[in-house]
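Structure first, then comments.
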Amino acid sequence: MNDVSFTPSTTIFEQREALLEEWTPEELVGRDQELQQYHAALQPVINNETPSNIFLYGKSGVGKTAATRYLLQALERDAMAVDGLDLHTVEINCDGLNSSYQAAVALVNELRDPASQISNTGYPQASVYQFLFDELDTVGGTVLIVLDEVDHIEDDSLLYKLPRARSNGDVTNAKLGVIGISNDLDFRNQLSSKVRSSLCEKEVSFSAYNANELKLVLEQRKEVAFQPDTLDDGVIEMCAAYGAKDSGDARQALDLLLEAGDLAREQKEEIVTEDHVQQARERLQTDQVIKGIKNYSEHGQYVLHALTHLAETGETPARTRDVVGAYEQIVREEGFDPVSERSVRDYLGELDQLGIISSTEINKGKGGGKFKHYELEQSLTSVRLGLSELLDSG
DNA sequence: TTTCCACAGGAATAAAGGGCGA
DNA sequence: TCGCCCTTTATTCCTGTGGAAA
């Protein structure tokens, strides 16, 4: 590695960050109705009353998190002008936290300074809740707790305790409001009725973006992110159309535009074209596979490997028993023992949820029975590439 | 209308592993 | 070090499902 040097690349981007997820625009476009409802639900905070618990739901990438950041920023700014109102917000993302215990630990660590963080295991659950309530009391005032992707928490315990913490005497100094954000439209119905009534005091439903709304979002970001005249005609429309097709997800559309810009820059071109968008789409699909399964156990990856193999030999859609058969053969060739059929079914279900594969229910009736057919949802090339990177590195 | 099949998926449980406090 | 508490991953067992065929 001799003579390495960096030189600034072509100037397609003006402010590339404007296409990243964490960037909060000065104005949220295409979400007027949702913002109005959400604003009304937050009103008690500025009146220095006990905050309502708010539940936001809608598919991923429809602006729930962005709207939350946008409104909370405004709320924090305006709260400073109100006498006697001491507002704090704590936000955690529950992705990767699948129990109340883990979420409570994450909240404690979010509230504590880096030197006194606690570990993810080892404490009795009651102790973790006590740590949390102590921290909340220390903060005091009005505390809004944002639980993004709250549907990842598999038990109700934290969602039951937090809204009741004050009435149960667990906290005395702080007025708590919980804002739960969920991608899972059915999550609300899965909650026990006690939790539902308290957590879902105020509900705001976010609908999917249509292609026109997505175009507005992309146009808005384009103005900030790119230099003038660096996007070919049709690039924005194409990203918006893909975004609308992929369930109205603005994040995916923005990622696509960002990736297309990156590709153009890598190729030292000065204009982003529709061709770059196509290439970017392929690349993002590979990333989605890698991101989805990189934390999987080896067996989960082999299950996907088995389905990929069946797709290559033209045997998809494949029923469960065929996937299990292919999986067992691959694993044995690698010199491992396969996991049970039940576990393979769980892996297939998870891959389905991640959008890497898709399933269709088939019912052949008497003599044939009911079963599922699985096939790859992402392109074969993307999945192959993603898998080979993971299996090689693992 | 009833039967039947092939799973789907929930529940209970176990084993292994890691962190904590005494 | 030991017992406790929690997690993750897995297994076994079981009931439920639904539509074509009888």
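The chains referred to below are lettered A, B, ... by the order of the sequence lines, with proteins before strands, and numbering in each begins at 1. Just so it is clear, the model here is predicted, and its values are computed rather than measured.
What separates OH of A:Y327 from C1' of C:dA10 is a distance of 11 Å, to the nearest Å. Atom pair A:F131:CZ and C:dC5:P shows a separation of 14 Å (rounding to whole Å applied). Distance A:D346 CG to C:dT8 C1': 13 Å, rounded to the nearest Å. Counting to the nearest Å, the P atom of B:dC7 and the CG atom of A:D352 are 17 Å from each other. Taking atom CZ on A:F371 and atom P on B:dC7, their separation rounds to 7 Å, with Å as the unit. Rounded to an integer number of Å, the gap from A:I362 CD1 to C:dT17 C1' is 15 Å. Rounded to whole Å, atom C1' of B:dG21 lies 14 Å from atom CD1 of A:I118. A straight line from OH of A:Y347 to P of C:dT9 spans 6 Å, rounded to a whole angstrom.
Between A:F336 and A:Y302, the two ring planes are tilted [angle within 30° to 60°].
For A:Q36, the CD atom is loosely surrounded, since the number of other residues' heavy atoms within 6.0 Å does not exceed 12.
Within the 4.0 angstrom heavy-atom criterion, no nucleotide atom of any strand lies near A:E361. At the heavy-atom level, A:S127 lies nowhere under 4.0 Å from the strands shown. Nucleic acid contact for A:K364: sugar-phosphate only, since backbone atoms but no base atoms lie under 4.0 Å from a heavy atom of the residue. Note on A:S343: a base of the nucleic acid sits closer than 4.0 angstrom, heavy atoms only.
The nucleotide whose nearest atom lies closest to any side-chain atom of A:R321 is, among B:dA6, C:dC6, B:dG21, B:dA6. Between B:dG9, C:dG18, C:dC6, one nucleotide has an atom nearer to the side chain of A:P124 than all others, and that is C:dC6. The side chain of A:K366 approaches C:dA20 more closely than any other nucleotide in the set C:dC5, C:dA20, B:dC7. Side chain of A:R345, nearest nucleotide from B:dG21, B:dG9, B:dC7: B:dG9. With distances taken from any side-chain atom of A:Y101 to the nucleotides C:dC5, C:dT7, C:dT17, the minimum falls on C:dT7. The side chain of A:Q102 sits closest to C:dT7 out of C:dT7, C:dC6, B:dC20.
Because its NZ or CZ atom is not both nearer than 6.0 Å to the ring centre of A:Y347 and within 45° of the ring axis, A:R345 does not count as a cation-pi partner of that residue. A cation-pi arrangement is present between A:R31 and A:Y209 under the rule of less than 6.0 angstrom and at most 45 degrees off the ring axis.
OP1 or OP2 of C:dT11 lies within a sub-4.0 Å distance of a side-chain N or O belonging to A:S340. Close to C:dT7, at under 4.0 Å from its OP1 or OP2, lies a side-chain N or O of A:S99.
With sequence neighbours excluded, the residues that form a side-chain contact (heavy atoms from CB on, under 4.5 Å) with A:P25 are A:W23, A:L28, A:Q220, A:R221.
Map A:D322 and A:R342 each onto its nearest nucleotide of DNA chain B; the residue landing nearer the 5' end is A:D322.
Side-chain contact check for A:R112 versus A:F131: some heavy-atom pair is nearer than 4.5 Å.
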